[in-house]
Amino acid sequence: MFSFFKKKPSPPNAVEPTPAAPAVAAPAPVIESKPIPKDTPAVPAESANASWWRKPFGGGADKHTEVVPATQDFVAAPEPTAKPQADNSRQSWMERLKAGLRKTGSSIATVFTGTQINDALYEELEDALLMADTGVKATQHLLEDLKRRVKDTKTTEPAAVKALLADALTDLLKPLEKQLTIGEHQPTVVMVAGVNGAGKTTSIGKLTKHLADSDQTVLLAAADTFRAAAREQLGVWANRNTVEIISQEGGDPAAVSFDAVSAGKARKKDVVLVDTAGRLPTQLHLMEELRKIKRVVNKADGTAPHEVLLVIDGNTGQNALAQVRAFDDALQLTGLIVTKLDGTAKGGVLAAIAQERPIPVYFIGVGEKIEDLETFSAREFSQALLS
Ligand SMILES: Nc1nc2c(ncn2[C@@H]2O[C@H](COP(=O)(O)OP(=O)(O)OP(=O)(O)O)[C@@H](O)[C@H]2O)c(=O)[nH]1
């Protein structure tokens with residue numbers, strides 16, 4: 001469950017001859033939004049970072065050196081398959097996750113420092129879970145589940161109850177575990193939405209880096225046509241990873257997205273990532289604009305978008321749950337990225353999401369650095385929270 005995505009071999013007839021690689025890495029071209037017939041050199045990054053993906057059907061990551069990479073399909077893992085890569089990097093991720101969740105976890109953990117399992121313990125736990133923005137329904141669910149586990153195991157030590165809570169939480173969060181679906185289509189079109197400042201562009205940048213490091217060709221669509229800084233920020237990520245970006249000042253974000261998907265198809269990109277402008281669910285015209293982007297993307301490719309992701313700021317707790325509901329109602333989300341779980345006291349929101357709108361959490365973020373975004377594991381999260 002630790003890889004970002006997994007790879008399946010290209011269909012035999014989908015591999016095309018590819019021109020030779022350019023000798024020197026070209027800067028990422030910023031392309032005005034209009035269909036472009038010819039590919040621009042995209043230099044593959046270093047070898048695949050195996051911890052981000054897996055290859056269930058065998059075969060290593062192709063070492064592309066060509067301008068237009070051969071088609072490579074990625075497909076979501078239907079079920080977790082642990083690779084023997086719980087290595088140092090994953091351990092260091094666990095440390096960061098624990099550190100990030102400390103604020104949420106510490107108030108829950110103190111409940112178990114007493115000597116007796118009694119009503120007072122459960123009441124304290126209820127308060128702590130609610131304070132962590134776990135929400136009423138998930139809190140009730142967890143308490144009932146926990147009491148049953150305590151009874152079944154005849155547990156008498158409060159410290160042991162903590163471990164049972166970790167099990168209960170893992171079970172509740174398990175349905176959220178899923179790998180990002182990439183592949184099956186070329187390109188895989190991923191549309192990313194969220195409120196202002198949730199971490200959309202940063203998460204897209206991190207994902208781009210991991211894809212590029214795995215020799216996948218990415219095309220970015222700067223569908224925030226209003227805010228120059230947003231386009232520039234995405235442009236920086238494009239440059240850093242030498243991937244193409246389709247960008248346009250002013251104009252219609254849906255048109256930019258259409259052009260990006262069309263160009264992604266024409267150039268046989270592996271992934272097109274569409275970064276949309278931040279908006280509140282209460283801004284109905286902007287929510288309608290998102291729906292339009294989705295519709296228009298579908299016109300460019302009848303199977304797209306293949307993923308509609310919502311980025312939520314974990315620090316906003318129950319508000320993030322409200323965002324999930326609203327954006328899901330508007331866009332039928334396929335996945336979530338939960339950022340800023342570092343330093344938040346509201347990490348319980350994942351339990352609330354699992355209880356009320358169980359949309360897969362593809363990635364969680366605990367900081368601004370590349371390595372601070374990782375795949376979501378229910379067990380890891382529960383352990384880190386209650387460590
Ligand atoms: N602490 C912390 N900061 C993060 C995380 N993810 C993103 N950020 C920071 O959050 C801020 C906003 O991130 P952006 O990626 O610009 O957010 P956005 O959703 O694209 O913003 P808009 O384009 O304005 O809607 C930046 O300063 C990021 O560095 C995280 O997991 N933890």
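Just so it is clear, the values below take in all heavy atoms, side chains as well, and ignore hydrogens, waters and symmetry mates. First listed ligand is number 1; within each ligand, the first listed atom is number 1.
A donor-acceptor pair is defined here as one N or O able to donate and one able to accept, closer than 3.5 Å; no such pair exists between the side chain of Q140 and the backbone of K137.
Applying the ring pair (Phe, Tyr, Trp, His ring centres under 6.0 Å) rule to pairs touching residues 187-206 yields nothing, sequence neighbours excluded.
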After noting the C-alpha distance and the side-chain angles of E307 and Y362, does the key distance pass the side-chain contact (heavy atoms from CB on, under 4.5 Å) rule?
CA-CA 11 Å; E307 297 285 349; Y362 288 134; 3.0 Å; yes

Candidate pair D342 and R96, rule side-chain contact (heavy atoms from CB on, under 4.5 Å), full reasoning
CA-CA 8 Å; D342 47 313; R96 286 198 301 283; over 6 Å; no

Pair T217-R267, side-chain contact (heavy atoms from CB on, under 4.5 Å): steps then yes or no:
CA-CA 10 Å; T217 50; R267 298 171 204 176; over 6 Å; no

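Listed as neighbours of ligand 1 are V195, N196, G197, A198, G199, K200, T201, T202, R227, Q233, G278, T339, K340, D342, G365, V366, G367, E368, each bearing a heavy atom under 4.0 Å from the ligand.
Between the side chains of T201 and D275, at least one donor N or O lies within less than 3.5 Å of an accepting N or O.
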